[in-house]
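Notes to accompany the following structure.
In this text the structure is predicted, and so the values were computed from the model without any measurement.
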Amino acid sequence: MAAILKCKSVIGGSGWNSRFFSTSKQRLSQSYKLVVVGGGAGGCSVAAKFSSLLPKNHVAIIEPNDTHYYQPMWTMVGGGMKKLEQSGRPMSEVLPKNARWIKERASKFFPKENRLVTASGEEINYDYLVIAMGLQLDYNKIKGLPEAFNTPGVCSNYSTLYVGNTLESLKNFKEGNAIFTFPNTPVKCAGAPQKAMYISEEYLRKHNKRDKANVMFNTSLGAIFGVKKYADALEKVVKKRNIAVNFRHELVEVKPDTKEAVFRLLDDPAGATKTFKYEMLHVTPPMSSPALLRANKELTNEAGYLEIDKSTLQHVRFPNIFGIGDCTSLPTSKTAAAIAGQNKIVFDNLRFLMDGKKLSQKYDGYTSCPLVTGYSKCILAEFDYDGKPLETLPINQAKERMTSFFMKKELMPLLYWKLMLNGWWNGPSTIRKILHLGTGR
């Protein structure tokens with residue numbers, strides 16, 4: 001039998017990590033006070049907060065990627081206003097220095113045993129766990145994709161692999177339909193498909209192609225936006241700019257050989273489809289929680305999302321687990337702004353739990369979607385769980401404004417890189433209270 005040496009750490013004491021070594025096959029096990037799964041916006045910001053609170057290397061971040069992307073910038077990249085390289089930073093530069101980066105994927109959760117296993121078989125034990133795994137893009141659920149992205153006119157701002165196709169499709173546009181889709185699933189930033197459309201429509205006008213283009217928004221939804229105040233404003237935008245909107249249309253197939261897109265008519269009981277010719281097709285893919293998370297039924301709801309309390313962000317069955325961001329069951333729009341509002345709630349409530357105190361912080365569902373309507377204007381939507389506007393500025397943010405566009409294009413990336421990822425930005429709630437004389441609305 002192989003000799004095994006076990007050296008177990010005492011969390012809060014020496015700070016060592018427990019390790020197991022075997023003479024036949026090395027097996028490594030580590031223990032941490034806090035493990036964060038995912039190095040995106042939510043994981044990085046929460047890890048930064050706790051890394052400044054706990055001793056060095058008592059926080060571990062499990063993240064396999066070399067590059068951290070500020071994904072909201074990809075709308076600008078698709079329109080030629082930013083370069084893809086501007087949206088990314090080396091992961092090693094954005095993760096907190098006092099945390100240990102485990103550059104792997106998690107492969108299995110064992111929440112009853114307070115442990116998980118990585119893709120290499122490494123066992124990670126934890127006292128507390130924050131799951132921040134984001135969403136996965138399911139292009140393959142649309143017949144003909146992703147192969148059609150290698151053909152003219154097919155693009156998507158949702159992936160580093162395909163965002164470059166958007167500007168190329170606009171440059172090469174000659175005549176026909178420019179179609180922008182919205183899937184029949186939750187997505188990252190529900191306004192992003194429209195942003196791509198409005199920027200593209202303005203590009204076509206600026207380059208004298210608009211009279212040869214039929215711009216259309218084929219969406220699986222039954223309304224252009226989920227909050228009435230902003231929906232009313234957007235309906236005026238599409239009407240003024242002669243954009244056709246087809247509700248309850250779900251993209252199910254792309255035929256690049258004939259440049260056709262097939263849509264399922266969701267309100268047709270027989271499941272009928274309708275085919276559109278395209279010159280340009282911008283695809284917003286179906287999305288889902290990561291397969292690893294969906295496979296663990298103890299952690300998720302029926303839809304496969306991490307099941308957490310909508311107010312405290314604590315897991316409903318495992319009190320030492322919290323969730324943040326797109327992979328969770330929170331009934332709010334999945335945006336970086338929502339994560340900014342959530343990270344302080346997670347930090348405060350998890351800290352209270354560590355100290356044996358009552359979880360007193362409550363998340364109100366705050367989220368924001370800067371609805372860019374072209375190359376210089378933006379509608380700055382902010383709202384809560386109830387779909388009520390929760391605007392920061394004491395002006396009507398449903399109006400297209402250059403100031404809102406400047407905030408989206410220049411200010412928000414700075415807030416993200418300099419403040420949020422370092423654990424110093426919790427959303428604009430304090431600013432809102434000051435500007436609204438303490439009312440918060």
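- Considering every non-hydrogen atom in both S360 and N349, the closest pair reads N-OD1, 3.3 Å.
- In summary, of the residues considered (L371, V245, I243, V227), a side chain to side chain contact (heavy atoms under 4.5 Å, CB included) with L234 occurs for L371 alone.
- When atom types are taken as modelled, the side chain of N301 and the backbone of A303 share a donor-acceptor pair closer than 3.5 angstrom.
- S329 contributes a side-chain N or O that, together with a main-chain N or O of I308, makes up a donor-acceptor pair within less than 3.5 Å.
- Cation-pi geometry between K33 and Y126 is not satisfied (NZ or CZ under 6.0 Å from the ring centre, within 45° of the ring normal).
- Put simply, the side chain of H436 gets close to the backbone of T392: a donor and an acceptor are under 3.5 Å apart.
- Classification of D232 and K228 as a salt-bridged pair holds, one side-chain N sitting under 4.0 Å from a carboxylate O.
- Classification of K388 and D384 as a salt-bridged pair fails, no side-chain N sitting under 4.0 Å from a carboxylate O.
- Residues I199 and G374 approach most closely at CG1-O, 3.8 Å, considering heavy atoms.
- The pair K82-E410 meets the salt-bridge criterion, since a charged nitrogen lies less than 4.0 angstrom from a carboxylate oxygen.
- Classification of E298 and K112 as a salt-bridged pair holds, one side-chain N sitting under 4.0 Å from a carboxylate O.
- Looking at H68, its side chain does come within 3.5 Å of a backbone N or O of G39 through a donor-acceptor pair.
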- Are S92 and W101 close enough, and set up right, to give a side chain to side chain donor-acceptor pair (under 3.5 Å), and what steps lead you there? CA-CA 8 Å; S92 59; W101 177 19; over 6 Å; no
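- A 4.5 Å side-chain heavy-atom check between S311 and Y363 finds every atom pair outside the cut-off.
- Between the side chains of N114 and N320, at least one donor N or O lies within less than 3.5 Å of an accepting N or O.
- Taking the six-membered ring wherever Trp is involved, the centroid distance between the rings of Y366 and F383 does not fall below 6.0 Å.
- Checking side-chain atoms of R210 against main-chain N and O of E202 turns up no donor-acceptor pair under 3.5 Å.
- The structure places CZ of R89 at 13.5 Å from CG of L95, a figure rounded to the nearest 0.5 Å.
- The aromatic rings of Y203 and Y375 sit tilted relative to each other, their planes meeting at an angle between 30° and 60°.
- A donor and an acceptor atom, one from each side chain of E307 and T300, are nowhere located under 3.5 Å apart.
- A donor-acceptor pair is defined here as one N or O able to donate and one able to accept, closer than 3.5 Å; such a pair exists between the side chain of Q397 and the backbone of L380.
- Atom CZ of R105 has 12 or fewer heavy atoms from other residues, nucleotides or ligands within 6.0 Å.
- For the 3.5 Å distance criterion, the side chains of T75 and N157 fail to qualify, holding no donor opposite an acceptor.
- Figure legend: cation-pi geometry between K49 and F347, with NZ or CZ positioned under 6.0 Å from the six-membered ring centre and within 45° of its axis.
- Ring to ring, Y162 and Y139 are close: their centroids are under 6.0 angstrom apart.
- For Y416 and Y70, the ring centers sit closer than 6.0 Å to each other.
- In terms of modelled atom types and a separation under 3.5 Å, the side chain of R432 and the main chain of L435 share no donor-acceptor contact.
- Remark: the E122 side chain and the Q30 side chain contain an N/O donor-acceptor pair separated by less than 3.5 Å.
- A side-chain donor-acceptor contact under 3.5 Å links T118 and S120.
- Of the charged side-chain nitrogens involved, at least one lies within less than 4.0 Å of a carboxylate oxygen, so that E391 and K229 count as a salt-bridged pair.
- Residues R205 and E201 are paired through a salt bridge, judged by an N-O separation under 4.0 Å between the basic side chain and the carboxylate.
- L135 places a side-chain heavy atom less than 4.5 Å from the side chain of Y305.
- Geometrically, K195 does not engage F217 in a cation-pi contact defined by less than 6.0 Å to the ring centre and at most 45° from the axis.
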- Message: Using the rule given for side-chain contact (heavy atoms from CB on, under 4.5 Å), can you reason through D66 versus M91, listing the C-alpha separation, both sets of side-chain angles and the distance that settles it, and then say yes or no?
- Response: CA-CA 5 Å; D66 290 311; M91 190 67 70; 5.6 Å; no
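- Proximity of a side-chain donor or acceptor of N165 to a complementary backbone N or O of F149 within less than 3.5 Å is detected.
- Side-chain atoms of N296 and F110, non-hydrogen and from C-beta on, never get closer than 4.5 Å to each other.
- The closest side-chain heavy-atom distance from E382 to P428 is below 4.5 Å.
- No donor-acceptor pair under 3.5 Å is formed between the side chain of H207 and the backbone N or O of K209.
- Between atom CD of residue Q314 and atom CG of residue L353 there is a gap of 6.0 Å, rounded to the nearest 0.5 Å.
- Looking at K103 and E63, no side-chain N of the basic residue comes within less than 4.0 Å of a carboxylate O on the acidic one, giving no salt bridge.
- The side-chain heavy atoms of M287 and P186, taken from C-beta on, include no pair separated by under 4.5 Å.
- Residues T367 and T335 have side chains that bring a donor and an acceptor to within less than 3.5 angstrom of each other.
- Look at R115 and E113 and you find a salt bridge, because one of the NZ, NE, NH1 or NH2 atoms lies within 4.0 Å of a carboxylate O, short of that distance.
- At a cut-off of 3.5 Å, with distance as the only test, no side-chain donor of T181 or N218 sits close to an acceptor on the other residue.
- Between Y198 and V372, the closest side-chain pair of non-hydrogen atoms is not below 4.5 Å.
- Remark: side-chain polar atoms of Y158 are not paired, donor with acceptor, to backbone N or O of V187 under 3.5 angstrom.
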